[in-house]
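Below: the structure, in structure tokens.
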Amino acid sequence: MEERPEEAWKRLQKTVEEVRRETARVVVGQQQVVELMLAALICRGHCLLVGVPGLAKTLLVSTLGRILGLDFRRIQFTPDLMPTDIVGSEILQTREDGSRHFEFVPGPVFTNLLLADEINRTPPKTQAALLEAMQEKQVTVAGTTRKLDEPFIVFATQNPVEHEGTYPLPEAQLDRFFFQINIDYPTVEEEELVLHRTTGLEMPEPATLLDAPKVQELQRAVVSVPVPEDVYGLVVRTVQSSRPESPLAGEMVKKYVACGAGPRASQCLLSAARAMALLRGRSSVSPDEVRAVLHPVLRHRLMPNYRATGEGVTMESVIDSLM
């Protein structure tokens with residue numbers, strides 16, 4: 001018997017709630033971060049996680065991978081990392097009869113969930129090796145194009161404090177990240193709970209609740225979340241108002257922004273709002289969901305000008321003015 005749309009919707013929302021509960025059992029606090037990471041996964045979007053060392057960024061990604069039943073790989077980015085260390089390479093092999101042939105050995109990018117740890121520590125040539133994979137979901141090695149497994153999501157981490165020996169990501173690559181999620185320090189209560197959970201004999205292990213096909217079902221379902229016409233207009237006007245040359249731009253934008261967000265930001269903002277509606281059990285998208293994802297969608301897409309840098313004005317305050 002075919003499942004009715006209402007039943008399917010309730011089942012998907014129950015699944016999402018179970019994933020959130022299981023993640024909270026392993027990772028202390030960071031509930032808003034987990035919600036945003038789930039939203040990105042549901043939207044097939046890549047995330048840039050920014051935070052100082054020791055804030056459980058790697059634990060967050062690996063825990064989500066385990067709970068969702070996805071294949072997980074991690075790459076530690078270093079200055080000597082080569083593009084072939086990411087996408088793979090062709091190795092000369094010898095057959096039993098003595099003849100030789102090239103055999104492709106896939107790199108760690110052939111996975112469902114890829115953690116690119118400290119992505120800004122490697123030179124631009126190696127960073128660019130991820131561009132095709134992130135945008136086209138494929139890699140080209142020795143003239144042969146190979147499709148990546150679905151789903152394929154990249155979570156990249158970056159240290160906001162240490163700049164020595166780093167290579168800032170170019171704007172084109174930053175724009176390919178669906179969200180930039182800033183991770184803050186835990187509260188006093190959360191840090192005490194971290195000590196209780198991590199300094200004993202046993203640490204909680206996450207249970208596997210889904211698999212790749214079920215994650216893809218969630219990704220297909222989010223597209224069908226209804227969006228009222230006025231929300232479409234809200235998204236477009238908000239992104240347009242981030243551009244200094246736009247007639248919709250406010251004083252803060254004209255004064256402190258060198259370059260605003262492009263059309264991809266509008267696409268990400270609407271998709272993310274749909275995902276938040278699904279995660280929060282809403283029947284359609286409202287302006288509240290748009291506001292909830294505005295900062296992570298725009299904070300890496302607005303370029304400050306010299307005046308903003310000189311006066312210490314952050315893009316966070318500019319985005320606040322857009323709201």
Side-chain angles (χ1 to χ4, degrees), residues 37 40-41 43-49 57-159 165-179 208 210-217 219-220 264:
M37 289 172 72
L41 271 162
C43 294
R44 300 180 171 90
H46 311 292
C47 278
L48 183 62
L49 305 176
K57 297 185 291 292
T58 304
L59 177 65
L60 269 168
V61 180
S62 61
T63 299
L64 270 181
R66 180 87 69 87
I67 292 169
L68 298 176
L70 300 177
D71 185 33
F72 169 74
R73 303 278 182 90
R74 175 181 177 271
I75 305 174
Q76 179 63 52
F77 278 68
T78 56
D80 59 347
L81 194 75
M82 300 296 291
T84 51
D85 296 327
I86 296 173
V87 300
S89 60
E90 293 203 323
I91 307 294
L92 189 62
Q93 303 282 15
T94 303
R95 295 190 179 96
E96 291 183 5
D97 60 4
S99 62
R100 295 187 173 187
H101 70 289
F102 282 100
E103 183 179 314
F104 178 69
V105 178
V109 77
F110 286 86
T111 186
N112 297 130
L113 197 56
L114 179 68
L115 176 61
D117 220 350
E118 294 188 289
I119 191 173
N120 58 335
R121 288 212 171 274
T122 199
K125 183 178 180 180
T126 306
Q127 290 175 4
L130 273 180
L131 279 177
E132 184 185 14
M134 290 170 65
Q135 189 66 26
E136 308 297 334
K137 306 296 175 72
Q138 64 184 31
V139 295
T140 303
V141 179
T144 302
T145 300
R146 294 173 172 85
K147 289 285 184 185
L148 298 175
D149 297 332
E150 286 285 354
F152 173 71
I153 307 293
V154 174
F155 283 97
T157 70
Q158 192 169 291
N159 185 342
T166 61
Y167 304 84
L169 294 172
E171 283 71 26
Q173 189 163 347
L174 278 173
D175 194 44
R176 281 168 170 79
F177 283 102
F178 189 79
F179 281 157
T208 301
L210 303 179
D211 54 23
K214 289 178 181 175
V215 172
Q216 288 177 285
E217 183 187 4
Q219 292 175 337
R220 288 189 296 269
R264 186 181 277 138

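- From T208, atom OG1 reaches atom CG of L68 across 9.0 Å, with rounding to the nearest 0.5 Å.
- Counting heavy atoms from C-beta on, the side chains of L130 and V87 never come closer than 4.5 Å.
- Applying the side-chain contact (heavy atoms from CB on, under 4.5 Å) test between F72 and each of L115, N112, T63 identifies L115 as the sole match.
- Across Q127 and I119, no two heavy atoms sit closer than the pair NE2-O, 3.4 Å.
- Closest approach of F152 and V154 over heavy atoms only: CZ-CG2, 3.5 Å.
- Between R73 and G107 the shortest heavy-atom distance is NH1-O, 4.1 Å.
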TODO: Check step by step if side-chain contact (heavy atoms from CB on, under 4.5 Å) holds for F104 and I91.
DONE: CA-CA 6 Å; F104 178 69; I91 307 294; over 6 Å; no
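- Taking 4.5 Å as the limit, some side-chain heavy atom of D85 sits within range of a side-chain heavy atom of M82.
- Side-chain contact check for V141 versus T84: every heavy-atom pair is 4.5 Å or farther apart.
- By the 6.0 Å contact criterion, CZ on R95 is enclosed, its count of non-hydrogen atoms from other residues, nucleotides or ligands being greater than 12.
- For the pair M134/F177, a side-chain contact is recorded, criterion being any heavy-atom separation below 4.5 Å from C-beta on.
- Remark: L48 CG to F178 CZ distance equals 14.0 Å, nearest 0.5 Å.
- The two residues C47 and A40 come nearest to each other via the heavy atoms SG-CB, 3.3 Å.
- For the residue pair R74 / Q76, a side-chain donor-acceptor distance below 3.5 Å is found, with atom types taken as modelled.
- The shortest distance between side-chain heavy atoms of P151 and Q219 falls below 4.5 Å.
- Of the possible donor and acceptor atoms, none in the side chain of T126 sits under 3.5 Å from a partner among the backbone N and O of T122.
- The two atoms that bring A133 and V139 nearest to each other are CB-CG1, 4.0 Å, heavy atoms only.
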Task: side-chain contact (heavy atoms from CB on, under 4.5 Å) between N120 and F77, intermediate numbers included - done: CA-CA 8 Å; N120 58 335; F77 278 68; over 6 Å; no
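- Looking at T94, its side chain never comes within 3.5 Å of a backbone N or O of R100 through a donor-acceptor pair.
- To the nearest 0.5 Å, the span separating CD on E217 from CG on L210 amounts to 9.5 Å.
- Looking at residues two or more places apart in sequence or on another chain, you find no side-chain hydrogen bond (donor to acceptor under 3.5 Å, both in side chains) involving K137.
- Contacts of Q135 classified as side-chain contact (heavy atoms from CB on, under 4.5 Å), with partners at least two apart in sequence or in another chain: R176, R264.
- The shortest non-hydrogen separation linking K125 to P83 is O-CG, 3.9 Å.
- With T111 contributing its side chain and D71 its backbone, the two residues share a donor-acceptor pair below 3.5 Å.
- Taking CG from D117 and CD from Q158, the interatomic distance works out to 11.5 Å, rounded to the nearest 0.5 Å.
- Here P124 pairs with Y167 under the side-chain contact (heavy atoms from CB on, under 4.5 Å) rule; sequence neighbours left out.
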TODO: Begin from the C-alpha positions of H46 and F179 and carry the test side-chain contact (heavy atoms from CB on, under 4.5 Å) through to its verdict.
DONE: CA-CA 7 Å; H46 311 292; F179 281 157; over 6 Å; no
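- One finds the CG atom of L114 at 8.0 Å from the CD1 atom of I86 (value rounded to the nearest 0.5 Å).
- Remark: side-chain polar atoms of T166 are not paired, donor with acceptor, to backbone N or O of R121 under 3.5 angstrom.
- Of the inter-residue distances, the one linking E103 atom CD with S89 atom OG reads 11.0 Å to the nearest 0.5 angstrom.
- Put simply, the side chain of F155 reaches to within 4.5 Å of the side chain of M37, judged on heavy atoms.
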